[in-house]
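Input: a single structure, listed below in structure tokens.
Order of the sequence lines sets the chain letters (A, B, ...), proteins ahead of strands, with each chain counted from 1. For clarity, every value in this text was computed on a predicted model and none was experimentally measured.
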There are 2 protein chains.
Amino acid sequence: MQHVFLTHLKERRLKLTPQRRLILDVFLGLRRHVSAEELYALIQKKDPSIGQATVFRSMKLLVEAGVAQSSGLGGRSICYEPNRKHHDHLICTRCGAIREFRSESIEREQEKIAIAHGFALSAHRMELFGLCNVCPKGSRS
Amino acid sequence: MQHVFLTHLKERRLKLTPQRRLILDVFLGLRRHVSAEELYALIQKKDPSIGQATVFRSMKLLVEAGVAQSSGLGGRSICYEPNRKHHDHLICTRCGAIREFRSESIEREQEKIAIAHGFALSAHRMELFGLCNVCPKGSRS
DNA sequence: ATCCTAATTGATAATGATTATCAACCGATG
DNA sequence: CATCGGTTGATAATCATTATCAATTAGGAT
């Protein structure tokens with residue numbers, strides 16, 4: 001996984017700095033979605049000298065390298081997650097819980113739709129919103 | 001359609017001001033996605049005395065009333081569109097063209113997935129990205 | 001029609017997330 | 001190990017959006 005990042009750096013004559021290595025490691029060590037800000041806080045614990053501009057820049061770089069992908073989740077701020085196998089999200093509108101899923105049949109259907117409209121599909125995003133099974137159904141907010 | 005908005009106002013003891021009426025009319029007159037900023041520019045042409053804070057506030061209100069819905073499109077800024085029948089989007093990654101579609105079979109599948117995960121679905125967002133049929137396929141960027 | 005009160009407005013300041021700037025620094029290549 | 005171009009951290013700038021607040025006004029009651 002880190003190999004992908006190193007290759008990307010070399011291809012573009014970019015440099016592997018200790019900051020980037022740390023950010024990459026911490027990010028890949030997580031198993032959840034993080035915002036740049038959350039990640040910055042985690043990074044700070046390991047090396048307080050790293051600035052948050054560097055974290056923002058590095059996350060952009062990780063996305064370009066294909067190591068991370070930015071999911072439009074997380075309200076106003078961009079959230080990132082390691083770019084594993086493609087998947088979509090189920091999001092609880094009350095507690096914010098996120099479940100991942102993947103549906104081959106939906107993806108086949110998406111492909112059909114794209115073709116019908118003359119599009120050559122390259123990616124998609126799908127998010128389902130609702131109440132999860134631990135959140136009460138009756139009361140409001 | 002405007003009826004929905006008027007009802008919403010009354011229910012909450014909110015007031016129908018000339019500003020809100022104008023914003024509602026201009027917004028519903030459009031057949032495309034608009035950002036609050038674009039809408040503000042259009043509103044300005046009809047009544048330059050309206051401030052953009054009012055446009056932001058009104059769009060929020062229109063969403064609450066169910067007259068408008070905010071689509072996560074439009075890069076950094078929130079985009080709005082009249083809340084017609086539900087639909088999803090096909091977006092050209094090169095020229096930005098947006099096509100709307102709706103798939104009953106995908107929605108049935110989404111419902112199945114939600115149930116399997118113990119979720120009670122209330123909404124979803126789906127965006128397909130690719131190249132449209134007028135954009136060249138070969139060259140890059 | 002007139003009052004009253006709470007909602008609304010416009011201008012502006014404030015916020016939050018992200019990006020640009022820039023001098024000092026440093027990784028990679030030869 | 002010198003050079004050069006990429007990188008860093010601090011900070012200012014930007015962009016979209018929200019909060020503040022005095023002045024205004026819609027809408028129900030009188």
Side-chain angles (χ1 to χ4, degrees), chain A residues 2 5-27 33-65 68-80, chain B residues 2 5-27 33-65 68-80:
Chain A
Q2 290 138 331
F5 185 52
L6 299 182
T7 303
H8 181 81
L9 292 182
K10 275 202 179 144
E11 279 174 2
R12 308 200 172 189
R13 299 196 198 85
L14 304 177
K15 295 171 181 176
L16 176 59
T17 63
Q19 290 90 335
R20 286 179 178 168
R21 193 157 20 206
L22 177 60
I23 292 170
L24 177 67
D25 288 349
V26 172
F27 175 68
H33 304 77
V34 274
S35 64
E37 211 160 5
E38 284 178 291
L39 189 58
Y40 172 59
L42 294 170
I43 296 290
Q44 280 283 299
K45 291 179 187 168
K46 303 228 172 187
D47 183 347
S49 72
I50 293 182
Q52 68 185 136
T54 299
V55 176
F56 275 108
R57 283 186 291 233
S58 297
M59 291 317 295
K60 257 185 137 170
L61 190 57
L62 290 188
V63 171
E64 285 166 20
Q69 60 184 316
S70 59
S71 66
L73 313 175
R76 30 209 137 276
S77 55
I78 301 171
C79 272
Y80 299 94
Chain B
Q2 292 136 331
F5 185 55
L6 298 182
T7 303
H8 182 80
L9 291 181
K10 276 205 177 139
E11 279 174 4
R12 308 200 173 190
R13 297 198 200 86
L14 304 177
K15 295 172 182 176
L16 176 60
T17 63
Q19 291 91 334
R20 285 178 179 169
R21 191 156 22 203
L22 177 60
I23 292 169
L24 176 67
D25 288 348
V26 171
F27 175 67
H33 305 77
V34 273
S35 65
E37 211 160 4
E38 285 178 291
L39 189 58
Y40 173 59
L42 294 170
I43 295 291
Q44 281 283 299
K45 290 179 188 170
K46 303 225 174 192
D47 184 348
S49 72
I50 293 182
Q52 68 185 137
T54 299
V55 176
F56 276 107
R57 283 185 292 233
S58 296
M59 290 318 296
K60 256 186 139 170
L61 190 57
L62 290 188
V63 171
E64 286 167 20
Q69 59 185 318
S70 59
S71 66
L73 313 175
R76 30 209 137 277
S77 57
I78 301 171
C79 270
Y80 299 95

>> Using whole Å, what does the distance between atom P of nucleotide C/dT29 and atom CZ of A/Arg12 come to?
In response: 17 Å
> Atom CG in A/Leu22, atom OG1 in A/Thr54: separation rounded to 0.5 Å?
Replying inline: 11.0 Å
>> Within the structure provided, determine whether B/Met59 and B/Ile78 are in side-chain contact (heavy-atom separation under 4.5 Å).
In response: no
>> Which residues pass the salt bridge (charged side-chain N to carboxylate O under 4.0 Å, His left out) test with A/Glu37, not counting sequence neighbours?
In response: none
> Starting at NE2 of B/His8 and ending at P of C/dA7, how long is that distance when rounded to a whole Å?
Replying inline: 14 Å
>> Does any part of the side chain of A/Leu62, heavy atoms only, come nearer than 4.5 Å to the side chain of A/Phe27, both counted from C-beta?
In response: yes
> When every nucleotide of nucleotides 17-30 of chain D is labelled 5' to 3' by its protein contacts under 4.0 Å (heavy atoms), B for base, S for sugar-phosphate only, - for none, what sequence of letters results?
Replying inline: BBBB----BBS---
>> Please report the interatomic distance CG(B/Leu61) to CG(B/Leu24), rounded to the nearest 0.5 Å.
In response: 9.5 Å
>> Is A/Arg20 close enough to D/dT8 that one of its side-chain N or O atoms is under 4.0 Å from OP1 or OP2 there?
In response: yes
> Which atoms form the tightest heavy-atom contact between A/Val26 and A/Leu39, and what is the distance?
Replying inline: CG1-CD1, 3.8 Å
>> Just the rounded figure in Å: distance from C1' of D/dT7 to CG of A/Leu9.
In response: 12 Å
>> What is the distance, to the nearest angstrom, from the CE atom on A/Met59 to the P atom on D/dT8?
In response: 14 Å
> Rounded to the nearest Å, what distance is computed from the CD atom of residue B/Gln19 to the P atom of nucleotide C/dA7?
Replying inline: 17 Å
